[in-house]
Number of protein chains: 2
Amino acid sequence: MQDKINDILKKNHLSITEARKKILALFWESGNAMAHGDIEQKSSEEFDRVTIYRTLQTFVEKGIIHTIPTADNSVRYALCKDECGAGHHHDDHVHFICDDCGTTYCIDEVNVPKVKLPKGFKAAQTDLVISGTCNKCEQ
Amino acid sequence: MQDKINDILKKNHLSITEARKKILALFWESGNAMAHGDIEQKSSEEFDRVTIYRTLQTFVEKGIIHTIPTADNSVRYALCKDECGAGHHHDDHVHFICDDCGTTYCIDEVNVPKVKLPKGFKAAQTDLVISGTCNKCEQ
DNA sequence: AATATTTTGCAACAAAGTTGCATTGTTGTA
DNA sequence: TACAACAATGCAACTTTGTTGCAAAATATT
Ligand SMILES: [Mn+2]
Ligand SMILES: [Mn+2]
Ligand SMILES: [Zn+2]
Ligand SMILES: [Zn+2]
């Protein structure tokens, strides 16, 4: 696992630092998407807030993680699949945010359907975000 | 127009105040979606920031406006159609955010397609947000 | 017009995000 | 391994965004 993380950083021409290794590991372990605040907590304030902001930004630029828009002003981040690279994201899966527990899921098995836009509109990225109750919170 | 605005407020059992009238008029005039910051500017700091926050919150609760999630930490708001009411939003159209000019459009003519989620996930709201270049910014 | 109810503005605060710069850590090379 | 070049980090200071309690003002009700 530590090897895998080092590989990802090397492949993206990023120097291997404690912050990057730890944050990347957190994404790997958690499985789900995380907000900046989650990372701050889960790394038990090991790193400065600024470092976390900058690390997330770097990871997004390199195509290691992708952002998930929300209606509550707290963007979530999740690991990308291998196809994403610097400046090229190909995360066309649906995202689900649970209103109960707040967990954000990448629903890899459901693809975002293509939609036809009116004349003159050119799509660069499409985000399909569904909120509701997740499979752990339904009773 | 002033009448229409008063009607909307009355219909929703909201007292008619300067802030509510002005902010509702701004939505009507602008046609597009607005972020909290836009409203603050366009009302030329006539109202306290807190009032704007509370007004937007009230409007969302009453089904007068709906929110549009974004990946840049600035939720946009736009007028709902008549079908929306207190606690019940039915805004199933696509949203478009221009990367160039920042304008956010409600694409009323394109509906959000239904997607099938994995077992146990129950959708309450679905948001399809597309970013790219709008019809005014394409050259 | 008088009273009851809501809304507003203010102050104070909390959370989120940004920037510049000195210090520290990492990398490639000798 | 040691060194120099470079990149990342932490800190401080700041801006922006959002929240809460409460007194004053505006609105609705009688
Ligand atoms: Mn995802
Ligand atoms: Mn809309
Ligand atoms: Zn849940
Ligand atoms: Zn545009």
Side-chain angles (χ1 to χ4, degrees), chain A residues 2-3 5-26 33-62 64-65 67-77 86 102 104, chain B residues 2-3 5-26 33-62 64-65 67-77 86 102 104:
Chain A
Q2 202 53 249
D3 288 348
I5 286 171
N6 284 13
D7 280 355
I8 293 176
L9 292 176
K10 274 181 199 156
K11 198 183 298 176
N12 286 283
H13 310 290
L14 292 174
S15 37
I16 295 166
T17 69
E18 287 309 309
R20 286 172 181 169
K21 279 192 289 184
K22 183 64 182 282
I23 292 174
L24 207 39
L26 281 178
M34 292 187 292
H36 171 271
D38 299 326
I39 297 164
E40 213 171 329
Q41 290 183 331
K42 295 201 181 187
S43 64
S44 43
E45 278 99 30
E46 193 178 343
F47 311 104
D48 193 84
R49 280 168 4 92
V50 181
T51 301
I52 298 175
Y53 280 116
R54 291 197 267 227
T55 303
L56 290 173
Q57 196 179 304
T58 303
F59 284 178
V60 170
E61 283 163 4
K62 292 292 187 178
I64 298 171
I65 60 176
T67 58
I68 302 161
T70 69
D72 69 344
N73 285 303
S74 83
V75 179
R76 316 290 160 87
Y77 301 86
T104 304
Chain B
Q2 203 51 251
D3 287 348
I5 285 171
N6 284 13
D7 280 356
I8 293 177
L9 292 175
K10 274 182 201 155
K11 197 182 301 175
N12 286 282
H13 311 290
L14 291 174
S15 37
I16 294 166
T17 69
E18 287 309 309
R20 287 172 179 167
K21 281 192 290 184
K22 181 65 182 282
I23 292 174
L24 206 40
L26 281 177
M34 292 187 291
H36 172 272
D38 298 327
I39 296 163
E40 214 172 329
Q41 290 184 331
K42 294 200 183 187
S43 63
S44 42
E45 277 99 31
E46 193 179 343
F47 311 105
D48 193 84
R49 281 169 2 93
V50 180
T51 301
I52 298 176
Y53 279 117
R54 291 197 268 226
T55 303
L56 289 173
Q57 197 178 303
T58 303
F59 284 179
V60 170
E61 283 162 5
K62 291 292 186 178
I64 299 172
I65 60 176
T67 58
I68 302 160
T70 69
D72 70 344
N73 286 302
S74 84
V75 179
R76 315 290 159 89
Y77 301 86
T104 303

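So that the names make sense, note that chain A is the first sequence line, chain B the second, and so on, each numbered from 1.
When each of A/V50 and A/A19 is assigned the nucleotide of DNA chain D with its nearest heavy atom, A/A19 is the one assigned upstream, toward the 5' end. Across the interface with DNA chain C, nearest-nucleotide mapping of A/G37 and B/H13 shows B/H13 to be the residue nearer the 5′ end.
Across the protein-nucleic acid pair, B/I16 atom CD1 and D/dA25 atom P stand 23 Å apart, rounded to whole Å. Rounded to whole angstrom, the span from the CZ atom of B/R76 across to the P atom of D/dT17 amounts to 11 Å. Rounded to whole angstrom, the span from the CD atom of B/Q41 across to the C1' atom of D/dT17 amounts to 14 Å. Regarding A/E46, its CD atom lies at a distance of 18 Å from the P atom of C/dT24, rounded to whole Å. Rounding to whole angstrom units, NZ of residue A/K21 and C1' of C/dT27 are separated by 14 Å. A straight line from CE of A/M34 to P of C/dA16 spans 15 Å, rounded to a whole angstrom. Protein atom CG of A/D72 is 16 Å distant from nucleotide atom P of D/dT17, rounded to whole Å. If you measure from atom OH of B/Y53 to atom P of C/dC10, you get 16 Å, rounded to the nearest angstrom.
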Report, one line per pair, each donor and acceptor closer than 3.5 Å where one atom sits in a side chain of residues 11-18 of chain A; sequence neighbours left out.
| from | atom 1 | to | atom 2 | distance (Å) |
| --- | --- | --- | --- | --- |
| A/N12 | ND2 | A/I8 | O | 2.8 |
| A/S15 | OG | A/R20 | NH1 | 3.4 |
| A/T17 | OG1 | A/R20 | N | 3.3 |
| A/E18 | OE2 | A/K21 | NZ | 3.4 |

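Distances were taken from every side-chain heavy atom of B/F47 (C-beta onward) to each of C/dG17, C/dT7, C/dG9; the shortest belongs to C/dG9. For B/L14, the side-chain atoms get nearest to C/dT7 when compared with the rest of D/dG18, C/dT7, C/dA16. When the nucleotides D/dA12, D/dG18, D/dA28 are ranked by their closest atom to the side chain of B/S15, D/dA28 comes out on top. Side chain of B/R49, nearest nucleotide from D/dT17, C/dT18, D/dC11: D/dT17. Considering only the side chain of B/E18, D/dT27 comes nearest among D/dG18, D/dT9, D/dT27. When distances are taken from the side chain of A/T17 to each of D/dG10, D/dA8, C/dT7, the shortest belongs to D/dA8. Taking only side-chain atoms of A/R20, from C-beta outward, the nucleotide of D/dA12, D/dT9, C/dG17 with the closest atom is D/dT9. For B/D48, counting side-chain heavy atoms from C-beta on, the closest listed nucleotide (C/dT19, D/dT9, C/dG9) is C/dG9.
Here CG of A/L56 is found 8.0 Å from CE of A/M34. Values are rounded to the nearest 0.5 Å. Here the straight-line distance linking atom CD of B/E40 with atom OH of B/Y53 works out to 7.0 Å at 0.5 Å rounding. Atom CG of B/D38 sits about 10.0 Å away from atom NE2 of B/H36, to the nearest 0.5 Å.
Contact between the side-chain N/O atoms of B/N73 and the OP1/OP2 oxygens of C/dG17 is found at a separation under 4.0 Å.
Counting non-hydrogen atoms under 4.0 angstrom, B/R54 reaches a base of the nucleic acid.
Side-chain contact between B/T55 and B/F47 is absent, with no heavy-atom pair separated by less than 4.5 Å.
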